[in-house]
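Take a look at the structure set out below.
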There are 2 protein chains.
Amino acid sequence: MKMITFASQKQTLFMKPSKNIPVPVLRRMPSYLSFVKTLQKQGEKFVSSTRIAEYMEIDSTQVTKDLSHTGLSGKTRVGYEVDSFVSVLEDFLGFSRIDNAFLVGAGSLGCALLQDKGLSAFGLQIEAAFDTDKSKIGTKVNDIEIFHIDQFRMMAQERHVVIGIITVPAEYAQNVADLMVAWGIKAIWNFTPARIKVPSHIVVQNTTIYMNLAILFNKLYHQE
Amino acid sequence: MKMITFASQKQTLFMKPSKNIPVPVLRRMPSYLSFVKTLQKQGEKFVSSTRIAEYMEIDSTQVTKDLSHTGLSGKTRVGYEVDSFVSVLEDFLGFSRIDNAFLVGAGSLGCALLQDKGLSAFGLQIEAAFDTDKSKIGTKVNDIEIFHIDQFRMMAQERHVVIGIITVPAEYAQNVADLMVAWGIKAIWNFTPARIKVPSHIVVQNTTIYMNLAILFNKLYHQE
């Protein structure tokens, strides 16, 4: 049922001339959204591209151009209407529709992600976790049950889950990715520093939290 | 004492002609490290830049150039010695030295980070967490105690903590950043989508996990 719902929503949201949105634009948009949501909480009704640009410390033409991808248009002199800005951006970024995902690797990082209730506010619900460690199987983290990896395929088919999250140790990441692809996963969110190789029709998003630490340490110890 | 230790280590590690390493290089290095650590576990002794390049799907001259920043040099025909590769890169990326950090915002994301034991393997130890919610103060997550934010300044000075992690709701991020700067923090790891403004000598690293979701959703629903 969920698949049907989002398939129809998708048509409304994504049948736009702009298809593949450039990644830098997608990186800025959650910050636009966050800023305008703050204004919304403060009771403001309109926001100009200039004001967003000042907040972001970028040029206002960049803001206008980015937002044109969403179909949003501002009114002369007053700018964008705050409420519709929030709902259009949430739809556009896929945050307003819940997608289900399975997570493989219920170790420290995996359990941390299971704990994070914030993900569902951004449209991702982790439905189940998988591991091979018998002591973990059958237990729950934040009400999400941990199953044996052997049950992944069947459960993914039953529940129409197409997003897989990898939080295993890096050396097992490729194996898990291969299995996920064989089991019908269409998009992989890879939290390991390993580079995984998958067929070209599979979406991969790499998020190495620790990589950010290397950048932070380097800046910290070189700027003194 | 910790400050003295890392100040002296820093001299060994960072007194190199290459100072500010470009961010794209720093983004690739944890993947090099992860790959070579896997080889190390498999008992391999040498790795060539060509082999790393194939794994990364980039040009081998790029690999050689990136690694030249670290002072590592390969031997003709055999390549880099695996053990020294791992230790040099771990030192270079700051993963082998533990830095202490304070986290502000013991909500869902904050507690998820507190849970993640993996961070300390990458050189970051969260020493204490802070919040304003009285029901949380005095409790512990993964043995890390949650204190009232009012204790931040004194504790940071006592423990020489210079890294602050922000996991509050986005609308409070700027306030927390301002306080952290006033309280002597030198580097801020910002997990909120808010853009924080700080004096130019303060290091900021933004990590919006949810931003990666927007990119993943966009790829998933546009590639069909």
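When reading the values below, keep in mind they use all heavy atoms of this one structure, side chains included, and skip hydrogens, waters and symmetry mates. Since this is a predicted model, take the numbers as computed values, not measurements. Just so it is clear: chains get the letters A, B, ... in the order the sequence lines come, proteins before strands, and each one is counted from 1.
Highest contact tally toward chain A, considering only B/R195, B/K197, B/E57, is held by B/R195 [criterion: heavy-atom pairs under 4.5 Å]. Put simply, of B/N212, B/N206, B/L26, the one with the most heavy-atom pairs under 4.5 Å next to chain A is B/N212. Contact tally against chain A (heavy-atom pairs below 4.5 Å) for B/T207, B/I188, B/L213: the top residue is B/L213. Across B/V25, B/I163, B/T192, B/N142, the residue that shares the most heavy-atom pairs under 4.5 angstrom with chain A is B/I163. Considering only heavy-atom pairs separated by less than 4.5 Å from chain B, the leading option among A/I209, A/V23, A/T208 is A/I209.
Near-neighbour residues of residues 173-187 of chain B relative to chain A, defined by a heavy atom under 4.5 Å from a heavy atom of that chain, comprise B/K186, B/A187. Residues of residues 29-45 of chain B that come closer than 4.5 Å to chain A, counting heavy atoms only, are B/P30, B/S31, B/S34, B/T38, B/K41, ordered by residue number. Of residues 113-123 of chain B, those residues with a non-hydrogen atom less than 4.5 Å from any non-hydrogen atom of chain A are, in numerical order, B/Q115, B/D116, B/K117, B/G118, B/L119, B/F122, B/G123. Inspection of non-hydrogen atoms places A/S108, A/L109, A/A112 of residues 103-112 of chain A under 4.5 Å from chain B.
Between atom CD1 of residue A/I146 and atom NZ of residue A/K136 there is a gap of 7.0 Å, rounded to the nearest 0.5 Å. A distance of 5.5 Å separates CD1 of A/I166 from CG of A/N190, quoted to the nearest 0.5 Å. Atom CG of B/L93 and atom CG of A/L216 lie 12.5 Å apart (nearest 0.5 Å). Here the OG1 atom belonging to A/T167 is positioned 8.0 Å from the CD1 atom belonging to A/I126, to the nearest 0.5 angstrom. In this structure, CG on B/N100 lies 4.0 Å from CD on B/E127, to the nearest 0.5 angstrom.
Two residues are said to be in side-chain contact when any heavy atoms from C-beta on lie closer than 4.5 Å; A/K65 and A/T61 fail this criterion. At least one side-chain heavy atom of A/F85 sits less than 4.5 Å from a side-chain heavy atom of A/I52. A heavy-atom distance below 4.5 Å is found between the side chains of B/Q62 and B/R28. With a 4.5 Å cut-off on side-chain heavy atoms, B/T64 and B/Y80 count as touching.
Residue A/T70 comes nearest to A/L67 through the heavy atom pair OG1-O, 2.6 Å, listed as atom of the first residue, atom of the second, then distance. Annotation for A/S49 and A/S60: closest pair O-CB, 4.0 Å, computed over non-hydrogen atoms. Nearest heavy-atom pair, B/I98 versus B/Q125, reported as atom, atom and distance to 0.1 Å: CG2-CB, 3.6 Å. Among all heavy-atom pairs drawn from B/L124 and B/A101, the shortest one is CD1-CB, 3.9 Å. Between A/R159 and A/F102, the shortest heavy-atom distance links the atoms CD-CZ, 4.2 Å. Pairing each heavy atom of B/F217 with each of A/D99, the nearest pair is CE2-OD2, 3.4 Å.
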Worked check of side chain to side chain contact (heavy atoms under 4.5 Å, CB included) between A/L72 and A/F92:
CA-CA 10 Å; A/L72 258 184; A/F92 186 79; over 6 Å; no

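For the pair A/R97 and B/Y221, the cation sits on the ring face: its NZ or CZ lies under 6.0 Å from the ring centre, inside 45° of the axis.
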